[in-house]
Each structure stands twice: as C-alpha cells, then as structure tokens.
Amino acid sequence: MTNTASQPLFETVAFIGMGLIGSSMARRIKRDGLANKITCAVRSEATRDRVLELGIADEAYCDIKDAVGDADLVMVCAPVGANETIGAQLTGVLKKGAIVSDVGSVKQSVIRDIAPHLDEGVHFVPGHPLAGTEHSGPDSGFPELFEERWCILTPVPGESEDAVAKVKALWEACGMHVECMDADHHDRILGITSHLPHLIAYTIVGTATDLEDALRQEVIKFSATGFRDFTRIAASDPTMWRDVFLNNREAVLEVLGRFQEDLMALQRAIRWGEGDKLFDLFTRTREIRRGIVDAGQYFTNFSAEGEDRKSYEKAKKKPAE
Ligand code: NAP
C-alpha cells in the first residue's frame with residue numbers, strides 16, 4: 001500500500017527513539033513522502049550519529065526538546081519504561097495542535113505516564129503496531145515491516161476525531177489495518193497473544209541454559225525440532241520486554257494464572273494416560289492455527305523473512321498438516 005494522498009500527511013514528524021519500530025516508520029515515511037521533514041531524539045550519541053549516517057532523519061539530537069518544537073506529530077518509539085521521563089520533557093515545548101502518539105506494546109501505562117505532561121491543545125493518540133522482529137536499533141528497521149498487519153489505536157474518550165483520523169491515515173499509508181479500542185482491552189488481548197508467549201519462550205530457553213553442559217550442547221545441535229522457534233522469540237530485546245512485563249503486570253498475571261491451570265490439566269492427562277483429552281486439545285489448537293493462516297497473519301513480515309512468506313503461500317493452498 002502506498003500513500004494515495006497527493007500531499008504529505010504531515011509537515012514534520014519527530015521520533016523519540018529510532019530503533020526497530022521508529023526507524024522502520026521513518027524509512028516508510030521517507031520512501032513514500034508521507035512527511036516533508038523527519039527529526040528525532042535518541043538517548044546515545046552513537047545512535048544519533050548512526051541515524052544521520054543512514055539518512056533516515058533530516059535532523060537527529062540527544063535532547064528531546066531540540067527535536068520536537070516544530071513537529072506536527074511526535075511519535076514516541078522508546079521502551080515503555082522510559083515514558084514518564086520522556087513525557088516530562090514534552091511539557092511546554094510542543095506546538096498548539098501538535099499530536100503525540102506512540103508505538104508502545106502496553107497502552108494503559110503509556111496513557112498514565114505521558115498524558116498528564118501534555119499541555120492543553122496538544123492531542124494524544126496512543127497506538128501499537130502489531131509488527132516486529134527480534135532485532136533492535138536503527139539498522140534493523142525496514143519500510144515493509146508494517147505491511148498487512150494490524151495497528152491498534154487507544155485514544156482516550158473525548159480526544160479529537162480529527163487527530164485520531166490523522167494518525168490512522170499515517171498507519172494505513174504504512175500498509176496497516178487500523179482498529180480503535182480501550183487501552184485496558186488492548187492490554188488484556190496482548191497479554192495473551194504476545195506477552196504470555198514471550199514469557200513462555202524466555203522460560204523454556206532459560207531452562208535449557210540451566211542444563212548441564214553436555215545436554216545443553218545437544219539441545220542446541222538438535223534445536224530444529226521446536227526449540228529453535230522459541231529461541232527466536234527469546235532473543236527479543238531485554239529492556240523492551242522487562243518494561244512490558246512491569247507495565248502490564250495485572251493482565252499478564254491473570255493470563256499466567258489461567259495458563260498454569262491449563263498446564264496442570266495437561267500434566268494430569270499425561271500422567272493418567274488420558275489420550276482423548278490430549279487429542280481433543282491438539283485438534284482445537286490446530287484449528288486456531290488454521291484461522292491465523294486464513295486471516296493472513298501467519299508470516300512475521302514480508303521482507304525480513306522471505307522463506308516464511310513462501311511457506312505462508314503454501315499453507316494457504318493446502319489444509320494444515
Ligand atoms: P529498540 O530497537 O530497542 O530502540 C529503542 C530506541 O529508543 C533507541 O533509539 C533508543 O536510543 C531509544 N531510547 C531508549 N530510551 C530512551 C530515552 N529515555 N529517551 C529517548 N530515546 C530513548 O526498540 P523497538 O523495538 O523499536 O521498540 C520501541 C517501542 O516499540 C517499545 O515501546 C516497544 O514496546 C514497541 N514495540 C516493539 C515491537 C518489537 O517487535 N520490537 C513491536 C511493536 C511495538 P539509544 O539507541 O540511543 O539507546
């Protein structure tokens with residue numbers, strides 16, 4: 001999907017954070033002319049210099065105030081644990097009518113940490129693009145990351161419809177499908193679809209690293225039997241995921257409680273040789289997989305995982321094995 005508007009959607013977009021998500025968005029905006037100017041603020045001088053080298057922003061700074069003064073849209077793309085500090089630096093420096101949005105994987109905490117710092121006349125439209133890889137930093141981004149994936153916006157009641165529409169239009173121009181929902185609903189859904197699976201992956205890979213040396217070597221050698229898929233997820237950025245779990249505590253703990261109960265039920269079924277129970281569950285879970293393939297959400301992304309795309313096309317053509 002490319003920008004069908006004859007004009008750029010924004011004059012100046014300022015990014016706070018230029019890692020995987022920020023730099024992918026910046027690349028897309030530049031590629032399709034979605035804004036006339038991109039500025040950014042990052043934490044370290046090394047990242048600032050790299051962003052300029054890559055040419056994905058017109059101006060890059062280490063001080064947030066230098067980057068956001070002229071912005072029509074400020075996209076906060078840093079780990080969610082940094083939001084309180086970032087929010088405090090947005091007071092008194094933004095243009096009237098500017099929109100602040102973000103990409104954080106948790107939404108209630110973003111509203112808690114940023115909204116109180118924004119001046120009257122500044123709009124706030126929190127968002128979360130459901131797209132990513134296990135890589136971090138400005139080099140890891142690519143403009144197709146968001147293609148055909150979902151973006152969830154969680155505007156607070158009373159927010160200007162025009163501001164929400166502008167952020168929606170930008171994500172759509174980046175190739176995404178957009179849906180609005182309450183922040184607490186978002187956090188509950190993502191607790192099960194994203195946060196719990198990451199926690200399980202971190203646990204399994206952690207368990208394997210605790211094995212005695214010889215066994216661990218064999219786990220790595222024969223990892224293609226399932227373990228490898230978990231290692232990809234467990235290679236995700238530790239800062240980002242620490243912040244996600246600390247900021248979506250309640251939803252994660254609730255879903256973890258359910259998961260533990262279900263795991264116990266499976267443990268019991270195996271102990272008592274209840275094959276029917278195992279078979280029924282595995283049949284139902286296969287259906288879920290089928291639904292994901294049918295909904296076009298099977299592959300991680302288009303360009304970084306070409307092989308994945310090929311197997312998606314194949315899976316679409318024939319029934320799940
Ligand atoms: P990333 O690749 O690790 O990049 C993080 C960026 O934030 C870096 O440019 C870093 O600058 C900057 N930063 C960190 N603390 C900062 C601070 N206090 N002030 C200013 N900049 C700061 O992270 P990412 O994967 O793009 O994730 C960014 C956000 O997107 C997170 O909130 C995450 O929850 C969300 N998200 C991630 C994914 C995913 O799959 N990765 C998917 C959807 C949403 P330095 O390099 O200078 O430290």
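Just follow the structure's listing: the first ligand is 1, and inside any ligand the first atom is 1.
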Ion pair check, E59 and K37, cut-off under 4.0 Å: yes
Indicate yes or no: does an N/O atom of G132 lie under 3.5 Å from an N/O atom of ligand 1? no
Measuring from atom 44 (C) of ligand 1, which candidate in V103, D243, V244 has the nearest non-hydrogen atom? V103
Note: heavy atom closest to atom 15 (N) of ligand 1, options H128, R43, E84, belongs to R43
Among S105, G17, A78, A60, whose heavy atom sits nearest atom 32 (O) of ligand 1? A78
Could you check D119, D70, D72 and say which one makes a side chain to side chain donor-acceptor pair (under 3.5 Å) with K95? D72
For ligand 1, is T133 a contact, meaning one of its heavy atoms is under 4.0 Å away? yes
Quiz question for you: does at least one protein heavy atom lie closer than 4.0 Å to atom 29 (C) of ligand 1? yes
Note: I21, heavy atoms under 4.0 Å from ligand 1, region reported as both
So, is I64 polar-close to ligand 1, with some N/O to N/O distance under 3.5 Å? no
Ligand 1 versus C77: contacting region, heavy-atom distance under 4.0 Å: backbone
Atoms in ligand 1 with a heavy atom of M240 nearer than 4.0 Å: 33 (C), 34 (O), 37 (C), 38 (C), 39 (C), 41 (N)
Between R249 and E254, is there a salt bridge with N-O shorter than 4.0 Å? no
Is there a polar contact between ligand 1 and L20, counting only N or O atoms under 3.5 Å apart? yes
Same cluster or not: are L54 and L145 linked, directly or through other Ile, Leu, Val, Met, Phe, Trp or Tyr residues, by side-chain heavy atoms under 4.5 angstrom apart? yes
Would you indicate which of T47, D139, T239, I86 comes nearest to atom 45 (P) of ligand 1 when only heavy atoms are counted? T47
Please identify each residue that fulfils side-chain contact (heavy atoms from CB on, under 4.5 Å) with A115, with sequence neighbours left out. I111, F124
Ligand 1 versus S140, non-hydrogen atoms closer than 4.0 Å: side chain, backbone, both, neither? neither
Presence of salt bridge, R31 and E144, under 4.0 angstrom: yes
Pick one of side chain, backbone, both or neither for how A46 approaches ligand 1, counting any non-hydrogen atom pair under 4.0 Å. neither
Specify side chain, backbone, both or neither for L130, according to which of its non-hydrogen atoms lie closer than 4.0 Å to ligand 1. neither
Stepwise, does the side-chain hydrogen bond (donor to acceptor under 3.5 Å, both in side chains) test hold for D184 with Q108? CA-CA 6 Å; D184 71 323; Q108 288 178 102; 5.8 Å; no
Where on R48 is there a heavy atom closer than 4.0 Å to ligand 1, on the side chain, on the backbone, on both, or on neither? neither
Given the side-chain rings of W171 and H177, with only the six-membered ring counted for Trp, is the space between their centroids under 6.0 Å? no
Can a salt bridge be assigned to the pair R216 and D213 using a cut-off of 4.0 Å between side-chain N and carboxylate O? yes
